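What you are looking at is a predicted structure, and each value in this text was computed from that prediction instead of being measured. Labels below follow one simple rule: chain letters A, B, ... track the order of the sequence lines, proteins then strands, and each chain is numbered from 1. Values below: every heavy atom of this structure, side chains too, minus hydrogens, waters and symmetry copies.
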Amino acid sequence: MRTDAEQHALSNAWQNWFRFSRNPTAVIGAVIVVVCVLLAILAPYITPYPDHVGAVVDFRNRHQPPSAAHWFGTDNVGRDIFTRVIFGLRISLILAVVVLGVAIPIGVILGLLAGYFGGWVETVIMRITDIALAIPPLVMALAVAAVLSPSLVNSMLAIALLWWTWHTRLIYSITRQLRTQEFVEAAETLGASRRHILFREILPNCVSAIAVKTSLDAGFVILIGAALSFLGLGIQPPTPDLGTMVAQGASFLPDYWWQSLLPGSAILILALGFNLLGDGLRDLFDVEDVR
Amino acid sequence: MTASPVLELRDLHKVFPLRGTFGRVRGEVRAVDGVSLSIPKGQVYGLAGESGSGKSTIARMIMGLTRPTGGDILLDGVSILGRQASLAHRRKVQMVFQNPGASLNPRRTVGQSIRVPLDAHGFPGNRQRRVAALLEMVQLPRHFAERYPHELSGGQKQRVAIARALAVEPRLLVLDEPTSALDVSVQARIIELLEDLGGELGLTYLFISHDLSLMRNFAQTVGVLYRGRIVETGAVAQVFGAPQHDYTRLLLASVPVISAEEEAMRPAIPLINGEIPTAEDLLALRQQARSKERQA
């Protein structure tokens, strides 16, 4: 009995992998994301200059162009830019994980409640969502950074405070469709609790949409985080952050182009990877309503 | 017999308001318009009617998915419409839905689906063993518990739905067109299974269908529903052998037949311009005849 079940699970996983591997967009996206994550995790072991993360100064090597010793060149105080870029990936990825880790559960639960119960529950939740949707995340982050102090935690807080709205909307529309499905009504007539219906019957049918949305979102969150840092409202130096590096390098353009262009490309590639992966997953799962 | 019927409907009504722009009520649809019936224990009551006649609305009201706008529903003599219709009372009636593809959650295994009612009603004892026993009851191998609905055929899915409905040992099973989504060859086997289970477990059935040949074989009593009213009711042989109402005749005449013997059993209906009339035509003719009688 157990082996039969395992075989079924195995063949399903195999089929999914087969379909996934035939989708070039998804594979490219997945490769980019996996490489970036590995670089971020293994950063201290990859680079020969792990101490360049901090406030190291090496004036003899300042403004060096890309070379075999310094792949991405060095910055205005002689630090290896490649080292700082892969450590910067860490910050971007942590930002995405924390923001989405806070925003998605809130958004999904509110969406389920609004979609399933309808009536005044729906009215209250969805109108609050509409209000929150009207505030651009960057403006909100600027406001929070201005009121509190500019830091990584505060900018994550600001983005997470608004990000749940998209998930609420998405899950709300899916739940509305599922609520009238026969299997939901069947569960009701079988005496299942509301918690069971929401989390065991409806939620599993939202998972693929959530996965697609999460992947697409990760790219946007990283872009917004980089934009905040660029404006000086995110991560504070000397912690290496891609946005901050672009901003600092900008004052040495165009002569020392690598100082801002290469960290900028890293942001671009990371965001692109998540978007390609999301698009690929969307095709794989065949979900339509996700932006 | 003094025992109260398993199911009794008393003058049941359901009116849906028709809303226009801005939610203004423009009119109403009388989906169910004063239906009364009672089913004694162990009987199969067939509710026949075309789509839109209110069959499914009646089923939904019995299951508590829709609230009636009037009348009462009694299970074993107790109304289920009170606010505190208890879980214990609700489990006496279960339903098999029309489309087994839609009534099973695609993301949950067969075993997980069958466990839902066991968990909800706090089934004592080993639930996994109970799932296996239920699968056996509907003649499916027990390892099907690990499968997902998309790995099953339509007939197998409907068997799973029946097993799930039987999990908490209901007294009454509402069958809402349980075979209409299935292949003809599979239909008969599902009906056979239901007959066997009915005898074995002492079940009472409310069998809702538009398929009159199935009903003739399966039900003992039939009610013919037209526009939310039961226009004719009685034993199967009586209603199908000598239909009194034009609408029943029309329904019977619409059943496709193969043998000459069956053809002979078809009731005669007046043709309009050489074609089979619609229900509306027939009722209009009837009204005309009545008003002529009254004038005469």
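When heavy atoms are compared at a cutoff of 4.5 Å, Leu65(B) approaches chain A solely by way of its side chain, counted from C-beta outward. Looking at Arg164(B), the atoms closer than 4.5 Å to chain A (heavy atoms on both sides) sit in the backbone and in the side chain alike. Using a 4.5 Å cut-off between heavy atoms, Asn99(B) contacts chain A through both its backbone and its side chain.
Dense packing is recorded around CZ of Arg90(A), with more than 12 heavy atoms of other residues, nucleotides or ligands lying under 6.0 Å away. Remark: Arg130(B) CZ is packed, more than 12 non-hydrogen atoms of other residues, nucleotides or ligands lying under 6.0 Å away.
The shortest distance between side-chain heavy atoms of Arg108(B) and Phe183(A) does not fall below 4.5 Å.
Between Ser113(B) atom OG and Arg200(A) atom CZ the span is 12.5 Å, to the nearest 0.5 Å.
Taking Ala102(B), Gly101(B), Gly64(B) one by one and counting their heavy-atom pairs under 4.5 Å with chain A, the maximum is reached by Ala102(B). Between chain B and the residues Glu182(A), Glu201(A), Gln181(A), the largest count of heavy-atom pairs under 4.5 Å involves Glu182(A).
Heavy-atom minimum distance, Ser208(A) versus Arg107(B): OG-NH2, 3.9 Å.
Evaluation of the side-chain hydrogen bond (donor to acceptor under 3.5 Å, both in side chains) rule for Gln187(B) yields no partner, not counting sequence neighbours.
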For residues 186-194 of chain A, dump all side-chain donor-acceptor pairs below 3.5 Å to protein atoms at least two apart in sequence or in another chain.
residue	atom	partner	partner atom	Å
Glu188(A)	OE2	Tyr116(A)	OH	2.7
Thr189(A)	OG1	Ala186(A)	O	2.8
Ser193(A)	OG	His196(A)	N	3.1

